[in-house]
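One structure below.
Residue numbers start from 1 in every chain, and the chains themselves are labelled A, B, ... in the order their sequence lines are given, proteins ahead of strands. In this text the structure is predicted, and so the values were computed from the model without any measurement. Note: hydrogens, waters and symmetry copies are ignored here, and every other heavy atom, side chains too, is used.
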Protein chains: 2
Amino acid sequence: MLMDPHLLTTFVAVARHGSFSAAAAELGYTQSAISQQIAALEADLGLALLSRRPVEPTPAGRRLLEHAGPLLLRLRAARADVLRAAAAPRHRLRLAATPLAVNAVVAGRLARARAAQPRLEVTLATCARDQVGALVAEGQADLGLADGIAAPSDPLRLPDTGPMTTAGVNEEDLAVALPADHPLAGRAALRLEDLVDARWLQTPLCPLARLRDLVGDGFPVAMEYQGDDVHTVVNLVGAGHGLTLLPVSVLPAASASGPARGVPLASPRLVHRVELLHGALPPGAADLARALSA
Amino acid sequence: MLMDPHLLTTFVAVARHGSFSAAAAELGYTQSAISQQIAALEADLGLALLSRRPVEPTPAGRRLLEHAGPLLLRLRAARADVLRAAAAPRHRLRLAATPLAVNAVVAGRLARARAAQPRLEVTLATCARDQVGALVAEGQADLGLADGIAAPSDPLRLPDTGPMTTAGVNEEDLAVALPADHPLAGRAALRLEDLVDARWLQTPLCPLARLRDLVGDGFPVAMEYQGDDVHTVVNLVGAGHGLTLLPVSVLPAASASGPARGVPLASPRLVHRVELLHGALPPGAADLARALSA
DNA sequence: AGGGTCCATCAGCATTGCTTATAGCAGATA
DNA sequence: TATCTGCTATAAGCAATGCTGATGGACCCT
């Protein structure tokens with residue numbers, strides 16, 4: 001029959017802890033119950049999912065762990081979405097956004113929406129690109145705003161967390177961020193293909209894997225910054241730690257001041273795209289979603 | 001706690017039948033058991049999912065139905081994948097492919113793989129693009145081959161059915177398929193933007209929604225063919241029922257004979273792309289997957 | 001009014017899932 | 001080597017769950 005998500009949750013906890021007893025403590029069961037649950041799951045599938053002494057996932061168990069995370073997330077998402085669909089209109093809405101998603105256009109639309117709905121209360125939280133979907137799916141945010149690098153009008157590829165609506169919000173040209181005194185800083189435009197062997201800054205704001213997807217191999221990592229503060233990224237670029245792509249509105253042009261310059265990207269044809277995503281929307285949130293969409 | 005997939009399965013059946021009794025008959029339970037299962041699910045979520053007399057989903061219930069399908073599929077996929085990961089090598093492999101995915105390149109690679117593994121037995125089944133993932137995920141096929149229209153090197157957007165590996169197999173230029181006596185049939189190349197208002201044939205092989213995604217509004221449906229036989233599509237085009245896009249290898253060029261002509265597509269820059277997808281692979285299937293990949 | 005269909009509810013019974021107790025194993029230490 | 005500790009597996013007991021069968025009420029049709 002269908003795999004029991006309850007057993008799956010136990011399995012994930014045991015694998016994470018590498019211990020039946022520790023998982024039992026976390027889940028609020030006895031070690032014996034955990035042992036029986038794992039035995040039940042193994043009996044259901046007809047194979048061992050964990051070795052014992054040490055308690056480690058077998059290859060099949062590792063495979064199941066890859067499925068378990070998204071599966072359990074989707075179960076939580078289904079519950080959250082159903083509850084949301086049945087919820088009464090609310091005036092307090094939670095927005096989860098990636099740092100670059102809340103640009104001037106979005107902020108302006110948000111202001112207009114709030115002017116149109118004076119009782120609207122908005123909480124805005126920043127999160128990573130691959131967390132937006134999960135936060136919305138699980139009901140921890142009502143609306144999500146995600147950004148990324150894409151071809152014009154090409155929807156972003158976000159992790160799938162279940163049936164959700166996405167809408168394009170805004171697109172903006174991209175610029176190569178360079179130190180102010182870089183030899184290329186005065187150029188009118190740049191091509192990514194000519195920068196394949198330059199030194200690049202790896203950041204969540206512009207993952208180099210994305211550039212490799214779009215252009216091909218290359219883009220060596222001179223430095224990695226794991227945070228997502230735009231200001232920090234700009235300063236790291238300005239200090240010569242590596243190049244990155246950012247929306248043109250973030251960077252001063254060649255004639256202005258600041259540690260870094262933005263030179264427009266001419267090829268390939270790419271934009272910084274912002275998208276809105278949401279599940280079921282009660283009337284109050286639907287108005288905001290409409291206002292934010294393009 | 002976590003929603004019970006067993007209850008979810010019952011809910012889906014009841015909603016489909018619009019009747020507790022009919023669902024009970026299908027699932028092999030009594031009406032009473034079904035009534036209690038639905039009551040348990042509604043109690044868990046704290047709201048009504050179905051109206052009674054008539055038995056129809058409430059708005060919240062409809063929302064849950066959107067989640068239920070993919071969720072239950074993923075549960076089946078997880079089981080199938082785990083079993084596959086633990087399976088012994090097999091020589092009998094099942095391939096699920098969309099009609100246009102098995103082109104000469106793929107067929108040639110398959111032949112070479114079979115020459116290298118003389119004991120290999122391959123069953124090839126044709127299916128729709130949005131079924132490939134599900135067939136592979138659920139363990140009804142070991143490998144999937146899907147095709148679609150994409151920008152060069154851009155992965156296809158297939159429905160997500162869980163953790164699966166995809167690999168590019170082959171890309172080929174696209175051509176606009178026209179009747180042999182069409183005024184544009186002798187052209188050296190065509191632009192999609194110039195054909196926005198032409199009459200188009202809607203087929204699963206070239207969904208017009210995809211063209212609208214890529215280019216914008218337009219592409220009126222002169223006729224719809226719901227089957228996926230390439231030969232039929234070519235003949236419908238030749239008889240003037242509407243235009244479509246097909247890989248250049250499928251269509252005769254302007255100088256050859258046949259009911260339809262293929263004029264290369266010059267803009268936007270698009271290709272016919274074939275991708276391989278699979279879950280866990282035992283050694284036997286891994287060799288075939290490697291041979292099929294680019 | 002009578003009959004049939006359908007869903008809700010109750011009672012009874014088998015199965016499931018938990019706790020407690022115990023056994024066995026492995027590793028560390030004196 | 002003997003002892004202790006920590007850990008997992010297993011058995012027994014009990015409460016909860018999930019099913020069947022019976023019954024009642026509502027609705028529809030003749």
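- Counting only distance, with no hydrogens or angles, the side chain of A/R157 and the backbone of B/P155 share a donor-acceptor pair below 3.5 Å.
- Note on A/S35: every side-chain N or O is 4.0 Å or more away from OP1 and OP2 of D/dT8.
- Five base pairs at each end of the helix from C/dA1-D/dT30 to C/dA30-D/dT1 define two local axes, and these are offset by 10° (rounded to 10°).
- Without hydrogens or angle criteria, B/E42 side chain to B/L50 main chain gives a donor-acceptor distance under 3.5 Å.
- At distances below 3.5 Å, not a single donor-acceptor pair connects side-chain atoms of A/S35 with backbone N or O atoms of A/Q31.
- Among the candidates A/R76, A/R84, A/R94, the single residue satisfying the salt bridge (Lys or Arg N to Asp or Glu O under 4.0 Å) test with A/E138 is A/R76.
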Notebook entry, point to check: With the sugar-phosphate defined as primed atoms, P, OP1 and OP2, and the base as all remaining atoms, what B/S/- string results for nucleotides 18-30 of chain D, 5' to 3', for protein heavy atoms under 4.0 Å?
Noted result: -BBBB--BBS---
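- Put simply, the side chain of A/R79 never gets that close to the backbone of B/L45: no donor and acceptor are under 3.5 Å apart.
- At the phosphate of D/dG6, neither OP1 nor OP2 sits under 4.0 Å from any side-chain N or O atom of A/S21.
- Not one N or O on the side chain of A/Q37 forms a donor-acceptor pair closer than 3.5 Å with the backbone of A/T10.
- In this structure the side chain of A/D142 reaches within 4.5 angstrom of the side chain of A/R90, judged on heavy atoms.
- With sequence neighbours left out, the side chain to side chain donor-acceptor pair (under 3.5 Å) criterion links A/S32 to A/Q36.
- One can place CZ of B/R52 at 17 Å from C1' of C/dT5, the figure rounded to the nearest angstrom.
- Rounded to whole Å, atom C1' of C/dC25 lies 15 Å from atom CZ of A/F20.
- Between B/L7 atom CG and D/dT17 atom C1' the separation is 11 Å, expressed in whole Å.
- Whole-Å rounding puts the B/H17 NE2 to C/dT5 C1' distance at 17 Å.
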